[in-house]
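Since the model is a prediction, treat every value here as computed from it, not as a measurement.
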Amino acid sequence: MQQKYNPQVIERDAQKFWDEAQTFRAVETGDKPKYYCLSMFPYPSGKLHMGHVRNYTIGDVLTRYHRMKGYNVLQPMGWDAFGLPAENAAMANGVPPAKWTYDNIAYMRQQLKSLGFAIDWSRELATCSPDYYRWNQWLFLRLLEKGIAYKKTQVVNWDPVDQTVLANEQVIDGKGWRTGASVEKREIPGYYLAITKYGDELLSALDTLPGWPERVKAMQANWIGKSYGVRFAFRYNLSAAVSGGTNLPSPSGRGAGGEGRGAGKDQTPSLIPNPSPEGGREQGLLWVFTTRADTIMGVTFVAVAAEHPLATHAAKNNAKLADFIAECKRGSVMEADMATMEKKGMPTGIFVEHPLSGEKIEVWVGNYVLMGYGEGAVMAVPAHDERDFHFAKQYGLPIKPVIDVSSQTFATQAWQEWYADKEHGNCTNSGKYDGLNYAAAVDAIAADLAAKGLGEKQVLYRLRDWGVSRQRYWGCPIPIIHCPACGDVPVPDKDLPVVLPEDCVPDGSGNPLLKRDDFINCACPRCGKPAKRETDTMDTFVDSSWYYLRYACADNGSAMVDERVNYWLPADQYIGGIEHAILHLLYSRFWSKAMRDLGLVKLDEPFKNLLTQGMVLNEIYFRKPALPSPPTPPSLTPDLSPGGREETSAYLLPSGEGSGMREGEGGVEAPARAGAVAGTGRITYYNPADIDVTVDAQGNRGGAVLRADGQPVESGGIGTMSKSKNNGVDPQSLIEDYGADIARFYMMFTAPPEQTLEWSDASVEGASRFLRRVWNYGVKISESDNTPIAPNLRNITRREIHSLLKQANYDLERHQFNTVASATMKMLNALERLLGVDDAVVKEGMSILLRVLSPITPHITHQLWRDLGYGDDILAAPWPEPDAAALIEDEIDLVVQVNGKKRADLRVPRDADKPAIEAAVLAHAEVQKFIAGQPVKKVIIVPGRLVNVVI
RNA sequence: GGGCGAGUGGUGGAAUUGGUAUACACAAGGGACUUAAAAUCCCUCGGCGCAAGCCAUGCCGGUUCAAGUCCGGCCUCGCCCACCA
């Protein structure tokens with residue numbers, strides 16, 4: 001065998017071996033249990049980043065481990081290949097997105113292969129391939145037939161930079177999730193998927209996912225936002241207050257087709273007709289939703305959103321109110337300070353009638369009422385709702401307490417926490433409801449409202465339907481044809497796929513498909529007359545909502561899915577970034593449930609276990625501008641804090657995690673994020689590789705200087721690797737300099753998978769040193785060494801190896817790979833303590849070490865396994881299990897404590913009984929010294945572990 | 001404002017889930033080999049103390065023979081959600 005560890009040669013040979021033997025080809029046969037190991041597929045941005053390496057190494061460790069444990073394993077790979085970065089690249093370079101994307105895929109595929117992942121490449125897919133997206137289109141048509149997909153015109157979130165519609169989930173703090181640009185409201189027709197119909201199941205089924213992190217489940221539950229309450233109405237009669245009866249439209253939140261807002265209402269079909277446009281001319285019903293129906297007798301006013309029809313109506317004859325409404329609408333995109341924003345409002349002059357007391361109640365426009373949730377109107381109970389309280393104080397509106405919490409006295413001076421407590425109060429001042437607790441009051445009040453036809457209990461969801469139309473070119477065409485005579489006509493199945501022209505070059509002026517007459521012009525499938533094709537494409541989250549199913553049957557040209565899907569799914573392990581906790585994972589869960597209900601798959605949940613890996617971080621170094629810049633003097637801080645807004649937008653950062661379900665940065669600079677540019681304009685960031693840091697004798701870090709000029713730079717702490725901070729490390733150079741095994745070992749050893757991983761060149765050297773030691777030890781064994789080993793040392797070493805193995809197996813099961821790696825280091829330490837190597841214990845120990853190490857560093861272990869004569873293929877070897885007999889010791893060490901402090905060790909026979917141990921402990925000189933004549937109260941013996949003497 | 005998570009040496013991180021705190025590494029210091037360097041190997045390495053010993057897992061209490069781990073109350077940091085009625 002080779003004297004020197006040469007990763008490049010070893011890795012090339014091992015990969016060739018696996019390739020030729022088609023080792024990782026997965027088949028659906030045999031009686032082994034299946035194990036489907038899935039990693040979030042990457043966006044082909046140009047080249048791999050460290051987050052990819054980490055993500056896929058975790059997956060590969062699990063894949064190889066389970067394979068050796070005797071599972072029938074599938075680990076596939078594909079490309080999330082539609083999306084905006086390709087269009088941006090096209091604009092920058094004049095290359096069609098298709099060519100850019102396919103080139104990137106080719107390069108990144110080669111990178112993945114050089115890392116030696118045990119991937120079944122025969123199942124590779126790319127979402128931009130017609131073979132793939134035809135099934136997007138096919139399923140879209142099925143969903144259309146079922147009413148799960150539908151078209152409507154709605155006010156949508158419009159990203160002015162990307163020139164496209166965003167789903168609510170894609171708007172973060174009023175800004176586009178990718179561009180950071182302030183989102184505008186626009187009224188645009190588009191297609192929606194009724195994910196709200198699944199709101200209840202998506203929520204309750206979270207309980208069937210014990211293998212998911214609690215954090216992710218909490219985020220999803222929070223997002224679905226189920227709340228129980230009562231929907232009820234206040235009657236009004238406008239003719240009394242307003243002259244000249246006006247046409248009052250119904251609140252736009254209700255109507256045909258399960259629209260976004262409050263769409264979870266589908267769960268509890270309303271018995272009460274909505275206010276119809278016809279009925280709402282002069283007399284009407286003002287609907288509200290409340291979770292605190294028990295406080296209904298404390299209503300002193302009603303607040304409606306600025307966009308509410310009643311507000312619009314009232315503003316017609318009230319210029320000041322109209323101004324106020326306009327102001328609210330302008331300010332509505334403001335973000336975090338919304339919660340703390342001053343409560344503002346104006347009276348409308350409209351009065352409504354309390355449904356139970358008959359009181360006249362004034363309607364106000366309130367800037368704290370959201371049109372997008374519930375009814376866009378709320379009953380205001382200042383005594384028991386904090387916002388209503390502040391609002392009432394501000395405008396001198398009455399505050400009427402109707403909940404009595406014994407031992408507390410209500411006072412209107414300042415808000416108290418207990419005013420909103422529904423657990424400990426009973427109704428008071430509420431007529432017939434006095435004395436009832438929360439649940440009883442809600443029941444009684446809901447019943448009374450229902451009897452009057454003015455209300456009922458309702459379950460409300462925060463979740464909205466998913467708008468999937470995008471005014472983009474590089475995506476899956478929506479299979480609809482617009483016919484002047486027949487309207488919107490679905491493309492017949494036989495004409496699928498609607499193929500996207502691949503030679504367009506976007507120029508930034510809208511969707512280039514609009515200029516492609518050859519694409520647009522077609523015949524109506526229904527009447528045959530000339531018609532126009534839909535040019536909107538699907539949200540790329542559609543592509544990624546089912547790719548994990550297609551891996552099971554990627555070669556099926558005649559159906560979207562087949563029986564093999566039921567064999568492999570659900571995925572036994574899904575691995576990816578936490579940034580997809582809500583969007584991608586919720587959409588995927590919805591999608592598989594929808595496909596289940598179409599009879600296509602037998603699947604309730606697609607991902608049995610979920611592992612969210614941590615981000616890869618690195619130091620940040622920068623220099624401020626020489627002179628303070630007038631416009632943004634102190635604005636450095638937000639940009640530099642690692643936890644600042646910029647840093648947290650994982651979507652943009654290449655180190656973010658494996659799957660760029662949507663990555664802004666990649667081979668091409670994304671459109672500038674407003675925030676990033678404003679703060680960083682004059683700051684120069686330096687790559688940590690070009691920085692020297694001084695370290696004092698205690699190992700404390702000192703100042704940092706730029707190596708090129710020797711001048712100091714400032715430290716910006718630690719943050720995710722990103723282009724904007726210039727602190728990325730290119731995996732390609734890591735692989736070229738050190739090899740795949742060292743890169744993989746470093747990734748696994750440095751931090752547990754779910755935690756962040758701080759980059760350190762020195763630690764990479766450490767990983768390299770260890771693998772060299774493994775190799776050198778292999779060389780030593782192969783050369784044989786007849787130095788005898790003392791028999792007692794052999795037993796100790798063997799016991800040590802097997803107990804390390806036991807721990808490593810435990811840690812593998814709980815996915816704590818850093819301690820698995822350290823166990824292999826300890827094994828080598830133990831073996832190296834033996835002088836000779838020509839020994840059965842060494843041979844056995846090395847075979848265990850190599851097998852435990854092989855999922856992490858498959859190449860070096862493959863080669864050593866063969867060179868040392870263990871066999872042809874380490875992957876075919878069984879996973880090692882600890883030998884129980886080797887773990888047994890004749891004598892064991894007990895820790896001896898006095899009053900809980902360790903004072904001595906005591907060696908006793910393994911089977912010593914308690915009285916014997918106690919006697920031996922009490923006789924021990926150290927123990928005697930601490931007892932010092934005091935009476936012994938108690939002796940606690942933990943078998944095999946420790947003895948505590950209490951005095 | 002709500003939810004979740006974290007805080008252990010100079011650093012990354014261990015701790016068999018209530019039982020020897022700081023495993024395994026990195027960095028640092030010392031030494032061996034070498035003409036020298038690299039590589040490799042050996043030693044030291046939480047703090048105070050000459051020592052016996054004492055003090056240390058963000059802070060303050062509690063439960064327990066025994067607490068990094070459990071309970072209560074704070075502090076700090078991170079992430080997610082947020083005028084959600």
Student: Show every salt bridge (charged side-chain N to carboxylate O under 4.0 Å, His left out) that has at least one partner inside residues 742-758 of chain A, sequence neighbours left out.
Tutor: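 Listed by first then second residue: A/Asp60-A/Arg744.
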Student: For nucleotides 51-54 of chain B, list the nitrogen or oxygen atoms of the protein found under 3.5 Å from its nitrogen or oxygen atoms, one pair per line.
Tutor:
residue: B/G53; atom: OP1; partner: A/Lys929; partner atom: NZ; Å: 3.1
residue: B/C54; atom: OP1; partner: A/Arg903; partner atom: NH2; Å: 3.3
residue: B/C54; atom: OP2; partner: A/Arg903; partner atom: NH1; Å: 3.4

Student: Check every atom of B/A85, B/G13, B/A23 against the side chain of A/Ala751 and return the nucleotide holding the closest atom.
Tutor: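 Among B/A85, B/G13, B/A23, the one nearest the side chain of A/Ala751 is B/G13.
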Student: Under 4.0 Å, heavy atoms only, any strand: does A/Thr290 hit a base, just the sugar-phosphate, or nothing?
Tutor: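 Counting heavy atoms under 4.0 Å across all strands, the contact made by A/Thr290 is with sugar-phosphate only.
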Student: Say we look at B/A27 and B/G13: how far apart would their C1' atoms be, to the nearest angstrom?
Tutor: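 14 Å, rounded to whole Å.
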Student: Check the interface with nucleotides 64-68 of chain B: list each N/O to N/O pair with the protein under 3.5 Å, or write none.
Tutor:
residue: B/C65; atom: O2'; partner: A/Asn948; partner atom: ND2; Å: 3.2
residue: B/C65; atom: O2; partner: A/Asn948; partner atom: ND2; Å: 2.6

Student: What is the distance, to the nearest angstrom, from the CZ atom on A/Phe301 to the P atom on B/A85?
Tutor: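 It is 16 Å, rounded to the nearest whole Å.
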Student: Tell me: CG of A/Leu812 to C1' of B/U16, nearest whole Å?
Tutor: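 After rounding, the reported distance stands at 15 Å.
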Student: Using atom C1' of each nucleotide, how far apart are B/G7 and B/C59 to the nearest Å?
Tutor: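 Roughly 11 Å separates the two C1' atoms.
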Student: Pick the nucleotide of RNA chain B nearest each of A/Pro752 and A/Met825; which residue has the one closer to the 5' end?
Tutor: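 Checking each residue's closest nucleotide, the 5'-ward one belongs to A/Pro752.
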Student: Quick one: side-chain hydrogen bond (donor to acceptor under 3.5 Å, both in side chains) partners of A/Asp893, sequence neighbours excluded?
Tutor: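 side-chain hydrogen bond (donor to acceptor under 3.5 Å, both in side chains) list for A/Asp893, sorted by chain: A/Arg907.
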Student: Kindly say whether, by distance alone, the side chain of A/Arg814 makes a donor-acceptor pair under 3.5 Å with the base of B/U16?
Tutor: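 By the distance-only test, no, there is no pair.
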Student: Using a heavy-atom cut-off of under 4.0 Å over every strand shown, decide if A/Arg215 touches base, sugar-phosphate, or nothing.
Tutor: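 Here A/Arg215 touches the backbone only, sparing every base.
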Student: Given Watson-Crick or G-U pairs with both distances under 3.5 Å, what dot-bracket string fits RNA chain B, with | for other-strand pairs and [ ] for crossing?
Tutor: (((((((..(((......[....))).(((((.......))))).(((....)))..(((((..]....))))))))))))....
Student: Provide the distance between the two C1' atoms, one in B/C54 and one in B/G5, to the nearest whole Å.
Tutor: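 Approximately 35 Å lies between the C1' atom of B/C54 and that of B/G5.
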Student: Judged by atom type as modelled, is there a donor-acceptor pair below 3.5 Å linking the side chain of A/His384 to the main-chain atoms of A/Ala420?
Tutor: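 Pair absent, no side-chain N/O of A/His384 close to backbone of A/Ala420.
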Student: Using the salt bridge (charged side-chain N to carboxylate O under 4.0 Å, His left out) rule, collect all pairs that involve residues 764-777 of chain A, keeping only residues at least two apart or in two chains.
Tutor: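 Applying salt bridge (charged side-chain N to carboxylate O under 4.0 Å, His left out) to every pair that reaches into residues 764-777 of chain A, excluding sequence neighbours, yields A/Arg773-A/Glu832.
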Student: Given B/G13, is OP1 or OP2 found less than 4.0 Å from the side-chain N or O atoms of A/Gln755?
Tutor: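 Affirmative; the distance criterion is met.
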Student: Can you run down the salt bridge (charged side-chain N to carboxylate O under 4.0 Å, His left out) pairs that involve residues 219-230 of chain A, sequence neighbours left out, and say none if there aren't any?
Tutor: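 Matches after skipping sequence neighbours: A/Asp200-A/Lys226.
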Student: Identify all pairs in which a protein N or O lies below 3.5 Å from an N or O of nucleotides 38-48 of chain B, and state each distance.
Tutor:
residue: B/U40; atom: OP1; partner: A/Arg772; partner atom: NH2; Å: 3.0

Student: Within the structure, does a side-chain N or O atom of A/Asn818 lie under 4.0 Å from either OP1 or OP2 of B/A14?
Tutor: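 A/Asn818 to B/A14 OP1/OP2: side-chain N or O found under 4.0 Å.
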Student: Under 4.0 Å between any heavy atoms, over every strand shown, what does A/Phe749 touch: base, sugar-phosphate, or nothing? Just pick one.
Tutor: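 Base contact.
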Student: Specify the separation, in whole Å, of atom CD1 of A/Ile718 and atom C1' of B/G12.
Tutor: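 So the CD1-C1' distance, A/Ile718 to B/G12, works out to 10 Å.
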Student: Whole Å only: how far is the NE2 atom of A/His308 from the P atom of B/A85?
Tutor: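 Value for this atom pair: 17 Å.
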Student: Calculate the interatomic distance between A/Leu887 atom CG and B/U16 atom C1'; express it in whole Å.
Tutor: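 Going from A/Leu887 (CG) to B/U16 (C1'), I get 13 Å.
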Student: How would you list, by chain and number, every residue that makes a side chain to side chain contact (heavy atoms under 4.5 Å, CB included) with A/Asp811, sequence neighbours excluded?
Tutor: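 For A/Asp811, the residues satisfying side chain to side chain contact (heavy atoms under 4.5 Å, CB included) (neighbours in sequence not counted) are A/Gln807, A/Arg814, A/Gln816, A/Thr819, A/Val820.
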Student: Show every salt bridge (charged side-chain N to carboxylate O under 4.0 Å, His left out) that has at least one partner inside residues 895-904 of chain A, sequence neighbours left out.
Tutor: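 Passing the test, one end in residues 895-904 of chain A: A/Lys902-A/Asp905.
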Student: Just call it for A/Asp893: base, sugar-phosphate, or nothing, with non-hydrogen atoms closer than 4.0 Å on any strand.
Tutor: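 Nothing, no heavy atom under 4.0 Å.
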Student: Nearest heavy atom decides the nucleotide; on that basis, is A/Ala821 or A/Val378 closer to the 5' end of RNA chain B?
Tutor: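 Of the two residues, A/Ala821 wins.
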Student: Whole angstrom is fine here: how far is it from CG in A/Asp761 over to P in B/U11?
Tutor: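 Spelled out: CG on A/Asp761 to P on B/U11 is 19 Å.
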Student: List the residues meeting side-chain hydrogen bond (donor to acceptor under 3.5 Å, both in side chains) with A/Ser227, not counting sequence neighbours, and say none if there are none.
Tutor: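 Counting only residues at least two positions away or on another chain, A/Ser227 forms a side-chain hydrogen bond (donor to acceptor under 3.5 Å, both in side chains) with A/Tyr373.
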Student: Indicate syn or anti for B/G58, taking the glycosidic torsion and treating anything within 90° of 0 as syn.
Tutor: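 Here B/G58 takes the anti form, which means its glycosidic angle is more than 90° from 0.
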Student: Without decimals, in angstroms, what is the distance between A/Phe817 CZ and B/A14 P?
Tutor: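 Between P of B/A14 and CZ of A/Phe817: 13 Å.
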Student: Under the salt bridge (Lys or Arg N to Asp or Glu O under 4.0 Å) test, which residues partner A/Arg292, sequence neighbours left out?
Tutor: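 Partners of A/Arg292 under the salt bridge (Lys or Arg N to Asp or Glu O under 4.0 Å) test: A/Asp294.
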Student: Suppose you measure atom C1' in B/G72 against the same atom in B/U64; what distance do you get, rounded to whole Å?
Tutor: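 Nearest-Å result for B/G72 against B/U64 at atom C1': 16 Å.
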Student: Is it the case that over 12 heavy atoms from other parts of the model lie below 6.0 angstrom from the NZ atom of A/Lys217?
Tutor: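 More than 12 heavy atoms, drawn from other residues, nucleotides or ligands, come within 6.0 Å of this atom.
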Student: Expressed as a whole number of angstroms, how long is the span from A/Gln816:CD to B/U16:C1'?
Tutor: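 About 11 Å, once rounded to whole Å.
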Student: Determine the contact category for A/Val369: base if any of its heavy atoms lies under 4.0 Å from a base atom, sugar-phosphate if only primed atoms, P, OP1 or OP2 are that close, otherwise nothing.
Tutor: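 Touches a base.
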Student: Taking the minimum atom-to-atom distance to the side chain of A/Trp223, which one of B/C24, B/C26, B/C81 wins?
Tutor: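 Comparing B/C24, B/C26, B/C81 against the side chain of A/Trp223, the answer is B/C81.
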Student: Quick one: which of B/G12, B/C81, B/A15 gets closest to the side chain of A/Thr750?
Tutor: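 Of the candidates, B/G12 comes closest.
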Student: A/Phe301 and ring-ring contact (aromatic ring centres under 6.0 Å, His included): which partner among A/Tyr395, A/Phe391, A/Phe234?
Tutor: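 It is A/Phe391; the other options fail the test.
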Student: Between A/Arg462 and B/A82, is there a contact of a side-chain N or O with OP1 or OP2 at under 4.0 Å?
Tutor: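 Answer yes for this pair, as a side-chain N or O of A/Arg462 is under 4.0 Å from OP1 or OP2.
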Student: Quick one: is A/Tyr373 getting a side-chain N or O under 4.0 Å of the B/A85 phosphate, OP1 or OP2?
Tutor: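 Yes, within the criterion.
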